[in-house]
There are 2 protein chains.
Amino acid sequence: MTSGLEFDLDRSSPVPLYFQVAEQISEAIRRGDLAPGARLDNEIRLADRLGLSRPTVRQAIQYLVDKGLLVRKRGVGTQVVHGQVRRPVELTGLHDDLRRAGREPSTRVLEITTVPADERTAATLGVPAGTEVVRMERLRYARGEPIALLRNWLPADLLPLTAESLQRRGLYELLRAAGVRLRVANQRVGARAATPTEARLLEDRRGAPLITMERTTYDDRGRAVEHGSHVCRASHYSLEVTLIER
Amino acid sequence: MTSGLEFDLDRSSPVPLYFQVAEQISEAIRRGDLAPGARLDNEIRLADRLGLSRPTVRQAIQYLVDKGLLVRKRGVGTQVVHGQVRRPVELTGLHDDLRRAGREPSTRVLEITTVPADERTAATLGVPAGTEVVRMERLRYARGEPIALLRNWLPADLLPLTAESLQRRGLYELLRAAGVRLRVANQRVGARAATPTEARLLEDRRGAPLITMERTTYDDRGRAVEHGSHVCRASHYSLEVTLIER
DNA sequence: TAGTGGTCTAGACCACAGC
DNA sequence: CTGTGGTCTAGACCACTAG
């Protein structure tokens, strides 16, 4: 039950009320005050207790259901899901992933050039063939060891990119700082053996298993802002995904 | 614009109105009547045209935004995202994946037994140690070729499982048919080289690159209903994921 | 400044689960 | 039968975007 929980809402804050509620429920779960399987008060009672309308409370709950923290069942109620959500479902780059895991990422920029887009790149990014695009190749390290080889293409007019800025910050971080709001990414994940070149760059043996990732990311206008084709050393990295069925 | 689109709503249908709207917009995108980048009418106008309230129209749009088909930006409008969503974000098993791709999956059940849960399995499934669980091992084929080696554990009281039923239907399909509603899955994806045993079963060479998947799935009561530890031949399979930032 | 989505309210009726 | 979430209405005001 949430009966014992205290909620602290600030109506003068620019933070939406539904989000304040969601954050505090989320925090209660993280702390363990709401154990896995625990039932929340029903939506009406929760709304009464918080002095909010039911739709606002529903919005808060829906937000956490979409993140995989809560599950709902009609006639039963809303409960905390068993099993920790290992990672929130977010649109992150490898740099953020590693930093979050406390693995001190660093980057070596192998190449960064501006070229006219060939047919295939233009189609992927949804720009006319021949448009200027930035092509870059980076080597990502964690704790001093090579982890991944990253190849990216993005429209040249999106933001200025330099080897210096890419060495200290991840691509996604730079995009966000430039006001680009990432919204959707289509990603294909596979695996294959390392080629001799890849093995040399990643300081691994030829034929070592690599995770492959092919990703195109779109902003809040629906435009492609980045395409990436990456390989990661499987011995040093794995992906975590949370799937939600609506 | 959606101005030229026709919408056909049935208020007597048990299908929710927001879902009817979402389906028809989705269909218009699939057909190409709404091209990538196309702007929808604004929410107020759309609500007027359909004879619905704005919240209902918003719910329909939100549904498609969550699926990655649409993007919204305040002050701008709602647009169709560039780049096809290759696969809807759904909670599917390998069997469904392959069948959807028209690859005629078939299954050979190598083992299926009921055993008391050891410490680790019990913790993963959130049941007391010693509880009866089903342990199974399957070999999944597509077009006659071995694709994946699947190992699963699930609570024994959930549903009766036989080698016969598993040979003709996927595990997720059987779970759904038994009234289990899957809601959340935490999944870890990696890669490694095939062991000699795996290579023999998968009819591949030793050291061949494999995709590894470790997944725990929860139902609408928040209980773990299945844990899987799978390996797939990377040469014959890859995963597609769509990531959405809220 | 005009137009858009973002948030919020205060109700209503319905469908489904479980006793 | 009772309680729960699921759906729906008809408004309101605000914050942000773009010209």
Side-chain angles (χ1 to χ4, degrees), chain A residues 1-3 9-23 25 38-66 70-80 179-181 183 219-223 245-246, chain B residues 1-3 9-23 25 38-66 70-80 179-181 183 219-223 245-246:
Chain A
M1 297 289 176
T2 50
S3 311
L9 300 179
D10 177 5
R11 295 192 91 100
S12 70
S13 161
V15 177
L17 291 169
Y18 84 89
F19 193 78
Q20 294 184 38
V21 175
E23 286 282 273
I25 293 175
R39 268 221 339 275
L40 261 64
D41 270 346
N42 72 51
E43 298 175 348
I44 308 277
R45 198 149 47 227
L46 208 44
D48 274 351
R49 270 182 45 214
L50 298 174
L52 297 173
S53 68
R54 185 183 166 205
T56 301
V57 169
R58 257 187 85 75
Q59 192 177 3
I61 293 173
Q62 184 62 48
Y63 179 80
L64 297 177
V65 168
D66 287 344
L70 299 177
V71 285
R72 286 193 286 200
K73 192 180 170 82
R74 177 157 45 180
V76 175
T78 304
Q79 293 174 279
V80 179
V180 176
R181 269 169 292 190
R183 280 291 174 275
D219 70 0
D220 57 3
R221 293 287 295 261
R223 298 173 301 203
E245 178 91 355
R246 290 184 60 91
Chain B
M1 296 291 177
T2 50
S3 313
L9 300 179
D10 177 3
R11 295 192 92 99
S12 70
S13 161
V15 177
L17 291 169
Y18 84 88
F19 193 77
Q20 294 184 37
V21 175
E23 286 283 273
I25 294 175
R39 268 221 337 277
L40 262 64
D41 270 348
N42 73 49
E43 298 176 349
I44 308 277
R45 199 150 43 227
L46 208 43
D48 274 352
R49 270 183 43 216
L50 299 174
L52 297 173
S53 68
R54 184 182 166 204
T56 301
V57 170
R58 258 186 84 75
Q59 192 177 3
I61 292 173
Q62 184 63 48
Y63 179 79
L64 296 177
V65 167
D66 288 343
L70 299 177
V71 286
R72 285 194 286 201
K73 191 181 171 86
R74 177 157 43 181
V76 174
T78 304
Q79 293 173 277
V80 179
V180 176
R181 268 169 292 191
R183 281 292 176 272
D219 71 359
D220 57 3
R221 293 288 294 263
R223 298 172 302 202
E245 178 91 355
R246 290 182 60 91

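Both backbone and side-chain heavy atoms feed into the values below; hydrogens, waters and symmetry mates do not. Sequence lines set the chain letters: A, B, ... in the order given, protein chains first and strands last, and positions in each chain run from 1. Quick caveat, the model's predicted, so the values are computed rather than measured.
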(request) Send over the distance from B:Y63 OH to D:dT7 C1', rounded to a whole Å. (result) 15 Å
(request) Identify the two heavy atoms, one from A:L9 and one from A:Q20, that lie closest to each other, and give their separation to 0.1 Å. (result) CA-OE1, 3.5 Å
(message) I'd like to know if the side chain of B:E43 and the backbone of B:V57 have a donor-acceptor N/O pair within less than 3.5 Å.
(response) no
(request) Evaluate the side-chain proximity of B:Q59 to B:Y63: yes if any heavy-atom separation is below 4.5 Å, no if none is. (result) no
(request) Output the single nucleotide from D:dG5, C:dT7, D:dT7 whose closest atom is nearest the side chain of B:Y18. (result) D:dT7
(request) Would you give the length of the straight line joining atom CZ of B:R72 to atom CZ of B:R58, rounded to the nearest 0.5 angstrom? (result) 4.5 Å
(request) Go through C:dT9, C:dG6, D:dT9 for me and flag the one nearest to the A:L52 side chain. (result) C:dT9
(request) Any chance you could list the contact pattern along nucleotides 11-19 of chain C? Use B for base contacts, S for sugar-phosphate-only contacts and - for none, protein heavy atoms under 4.0 Å, 5' to 3'. (result) -B--BSSS-
(message) Expressed as a whole number of angstroms, how long is the span from B:D66:CG to C:dG5:C1'?
(response) 15 Å
(request) Please report, rounded to the nearest Å, how far the C1' atom of D:dT17 is from the CZ atom of B:R39. (result) 12 Å
(request) When you get a sec, tell me which of D:dC8, C:dC8, D:dG5 is the closest nucleotide to the side chain of B:T56? (result) D:dC8
(message) Nearest to the side chain of B:N42, heavy atoms from C-beta on, is which of D:dG5, C:dG5, D:dC8?
(response) C:dG5
(message) Which heavy atom of A:R45 sits nearest to which heavy atom of A:N42, and what is that distance?
(response) N-OD1, 2.9 Å
(request) Return the value, rounded to whole Å, for the distance between atom CD1 of B:I44 and atom C1' of C:dG6. (result) 12 Å
(request) Identify the heavy atoms of B:G222 and A:V71 that sit nearest to each other, and give their distance. (result) N-CG2, 3.4 Å
(request) Round to the nearest Å and state the distance from A:Q59 atom CD to C:dG6 atom P. (result) 10 Å
(message) Judged by each residue's nearest nucleotide on DNA chain D, which is more toward the 5′ side, B:P16 or A:G77?
(response) A:G77
(request) Measure from the side-chain heavy atoms of B:S53 and tell me the nearest of C:dT9, D:dG5, D:dC8. (result) D:dC8
(request) Might you point out which heavy atoms bring A:L52 and A:R11 nearest each other, and give the distance in Å? (result) CD2-NH1, 3.8 Å
(request) May I have the distance from A:L17 (atom CG) to C:dG6 (atom P), rounded to whole angstrom? (result) 17 Å
(request) Indicate whether OP1 or OP2 belonging to C:dC8 is found under 4.0 Å from a side-chain N or O atom of B:R58. (result) no
(message) Expressed as a whole number of angstroms, how long is the span from A:R183:CZ to C:dG5:C1'?
(response) 12 Å
(message) Need one value for B:I61: base, sugar-phosphate or nothing, where a base atom within 4.0 Å counts as base even if backbone is also close, heavy atoms only.
(response) nothing
(message) As a check on the pairing definition, encode DNA chain D in dot-bracket form, counting Watson-Crick and G-U wobble pairs whose two distances are under 3.5 Å, and using | for partners outside this strand.
(response) ||||||||||||||||||.
(request) Using whole Å, report how far CZ of B:R72 lies from P of D:dT17. (result) 15 Å
(message) Give me the atom names and distance for the closest heavy-atom approach of A:R54 to A:I44.
(response) CD-CD1, 3.7 Å
(request) Give a yes/no on whether any side-chain N or O of B:T78 is located under 4.0 angstrom from OP1 or OP2 of C:dG5. (result) yes
(message) Could you measure the distance from the CZ atom of B:R181 to the CD atom of A:E245? Nearest 0.5 Å is fine.
(response) 11.5 Å
(request) Kindly indicate, with the supporting measurements, whether the criterion side-chain contact (heavy atoms from CB on, under 4.5 Å) is fulfilled by B:L70 and B:V80. (result) CA-CA 5 Å; B:L70 299 177; B:V80 179; 4.0 Å; yes
